[in-house]
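This report refers to the structure that appears directly beneath it.
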Amino acid sequence: MAQPNLEKQINILDYALSSLWRHRLKSLSVLLVFAAVIFLLASFQMVTQALSGKAKQVLVHTPEITLQKMSAGRQEAIPLAYRDKLAGIFGIRRVVPRIWGYYFDEVRLANYTVMGMAVDGMPEGNRLDTALAQGAMPGPGERGRVVVGYSITKALDLNERTTFSLFRPDLSLKPFDVGGEFSRDTDILTNDLIVMNLDDARDLFAIPAGLVTDLCVYVANPKEIDTIAKKISEALPSVRVLTRPQIQKTYQVVFGWRSGFGSICLLSALAAFVILAWDKASGLSPEERREIAILKVLGWETSDILAVRFWESVIVSGLACLVGMTAAYIHVVYFGAALFRPVLMGWSVLRPELHLFPRLAAGDILLIFAFTVIPYLAATVIPAWRSATVPADSALGG
Amino acid sequence: MARRCVEPMRPSLVFSLLLILLLAIDGALLMDGQNRRRVQDATLAQLEVATSSLGLTDLAVATEARYTRHPAASDAVAPFMDHPGAIEHFPTGAFWLPPR
């Protein structure tokens, strides 16, 4: 019983494929447009998944609590004296002050991220040398020595020399000596960094003694992060308290579907579907009516014609899905999402080389499938039924 | 001498061959992906050390605006620093949604 039924379905599949081949220009254009829409959607999904996945992986080690002082809704320098107020909170292991900010290089029009701190006071600070491609971190007493990211070396053309200068706010020059360079494997975190001692950063940004940019707070028991954060908020009401879970969560929402680019992709995909569905639903051509009438005269049943239309939709949408997703994967993994770089990095002058690697789960593939193939199949159900119920005599007689 | 009649391949067979070719390409990509994953995982230790010893909070991907360079640690009004409801003028703001 199963054998004849299978044979029948294969024959119907043959007919559907021949039918698509007869209208190959139309079929191919539908397939290409559909594959392009899926390519855009899947590429977007893979880029955001790769970036948020990477953030999730590495930001597990971000400071447990970061304190920033807010004034009039903006961040400003936080007094070091606030450490005394934290001393009474039980469960805090250590507080590390940090000065960091942005240095705009007017010659190269690039933004550098300058970070000053006592690295040996941080967790794993003594192992930071393992993240360097060459050189070593400056010691606590070594003034004027810095470690830079790869893009800084490139922007300042530091291959031949090891010294450079940056302007203080009063336009006097502060000289630096490059003591090391971060490994290229850490580019996604350290690409635009200039790391130095706290005193050097204070001198460069002319931040008065007794003030820093933020305080990194480490707690004894990670389960108490929220409790300690609450106690800090009560002790220091003007301070913004950022906890590790909040920072990790940021990257899960930052590339949301609500972001502008996501909406554009989604809207273009939806527009393409509406056009496709409209095309399918907007009546049958006289040739199609005649073809169906002839099939019916030859003994085809309505269910057979429905099956032909179903197979046609499955072939077009399935093939488009496969081609679109494969092309998206190649685009993201082998070409570093080259099409999205203009929006992903914008006017940034320092650009890391992205090695994106989406960890695709079955759920991600199903999501793209559900967004694309299923609406297409649904959109073709009514036209398929309309075409299958064309009376043979009216089509031939007309 | 009897003429040999070469029967053309059935369309479903041609389609199956095309599908097998596409799936073979996907299989090759999958295997290459496994190798790349191993290489990337080997660099994870360096990234972890950099994050914990510098207290990093963000990825260095977009460096043009401070709220896309440090979405987790920049202040919430930064995208609207000129006036409330100001039109976003950095291109990366289209991709990097400010956290709420």
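Sequence lines set the chain letters: A, B, ... in the order given, protein chains first and strands last, and positions in each chain run from 1.
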Looking at [X] and [Y], what are the two nearest heavy atoms and their distance?
{"X": "A/Pro352", "Y": "B/Ala60", "value": "CG-O, 3.1 Å"}
{"X": "A/Ser348", "Y": "B/Glu64", "value": "OG-N, 3.3 Å"}
{"X": "A/Leu344", "Y": "B/Ala62", "value": "O-CB, 3.6 Å"}
{"X": "B/Ala50", "Y": "A/Leu128", "value": "CA-CD1, 3.9 Å"}
{"X": "A/Val58", "Y": "B/Leu59", "value": "CG2-CD2, 4.3 Å"}

Side chains of [X] and [Y], heavy atoms from C-beta outward: is any pair under 4.5 Å?
{"X": "B/Gln46", "Y": "A/Leu189", "value": "no"}
{"X": "A/Arg359", "Y": "B/Arg37", "value": "yes"}
{"X": "B/Val61", "Y": "A/Arg351", "value": "no"}
{"X": "B/Leu19", "Y": "A/Leu322", "value": "yes"}
{"X": "A/Met345", "Y": "B/Thr63", "value": "no"}
{"X": "A/Val333", "Y": "B/Asp32", "value": "no"}
{"X": "B/Leu44", "Y": "A/Gln57", "value": "yes"}

Checklist entry - When rounded to the nearest 0.5 angstrom, what distance separates NE2 in A/His61 from OG in B/Ser53? => result 11.0 Å
Next on the checklist: Please report the interatomic distance CZ(B/Phe15) to CH2(A/Trp311), rounded to the nearest 0.5 Å.
Outcome noted: 8.5 Å
Checklist entry - Is a salt bridge present between A/Lys54 and B/Asp41, judged by a nitrogen-to-oxygen distance below 4.0 Å? => result no
Next on the checklist: Need one label for B/Leu54: side chain, backbone, both or neither, based on atoms under 4.5 Å from any heavy atom in chain A.
Outcome noted: both
Quick one: what part of [X] sits under 4.5 Å from any heavy atom of chain B, side chain, backbone, both or neither?
{"X": "A/Asp120", "value": "neither"}
{"X": "A/Tyr218", "value": "side chain"}
{"X": "A/Ile188", "value": "both"}
{"X": "A/Met117", "value": "side chain"}

Checklist entry - Given the rule in the side chain to side chain contact (heavy atoms under 4.5 Å, CB included) test, do B/Thr51 and A/Val60 qualify, once you have shown the distances and angles that lead to the verdict? => result CA-CA 9 Å; B/Thr51 314; A/Val60 178; over 6 Å; no
Output the option from [options] having the highest count of non-hydrogen pairs under 4.5 Å with chain B.
{"options": "A/Asn191, A/Leu59, A/Leu354, A/Val323", "answer": "A/Leu59"}
{"options": "A/Leu109, A/Leu319, A/Val349", "answer": "A/Leu319"}
{"options": "A/Ser151, A/Ala16, A/Cys216, A/Ser183", "answer": "A/Ser183"}
{"options": "A/Leu17, A/Asp14, A/Ile10", "answer": "A/Asp14"}
{"options": "A/Trp100, A/Tyr15, A/Phe182", "answer": "A/Trp100"}

Checklist entry - Can you check side chain to side chain contact (heavy atoms under 4.5 Å, CB included) on A/Thr113 and B/His70, steps first, answer last? => result CA-CA 10 Å; A/Thr113 301; B/His70 289 101; 3.8 Å; yes
Next on the checklist: Under a plain distance cut-off of 3.5 Å, with no hydrogens placed, do A/Thr326 and B/Asp26 share a side-chain donor-acceptor pair?
Outcome noted: yes
Item to check | side-chain contact (heavy atoms from CB on, under 4.5 Å) partner of B/Thr57, the single match among A/Ile247, A/Thr250, A/Leu242, A/Asp214 | outcome: A/Ile247
Item to check | Whether over 12 other heavy atoms sit under 6.0 Å from A/Glu353 CD | outcome: no
Checklist entry - Given A/Met115 and B/Leu56, is the side chain to side chain contact (heavy atoms under 4.5 Å, CB included) satisfied, shown in steps? => result CA-CA 10 Å; A/Met115 202 160 260; B/Leu56 301 178; 3.8 Å; yes
Next on the checklist: Before you tell me yes or no, could you show the steps for B/Arg69 and A/Asp192 under side chain to side chain contact (heavy atoms under 4.5 Å, CB included), namely the whole-Å CA-CA distance, both residues' side-chain angles and the distance that decides it to 0.1 Å?
Outcome noted: CA-CA 10 Å; B/Arg69 171 64 181 89; A/Asp192 65 338; 2.7 Å; yes
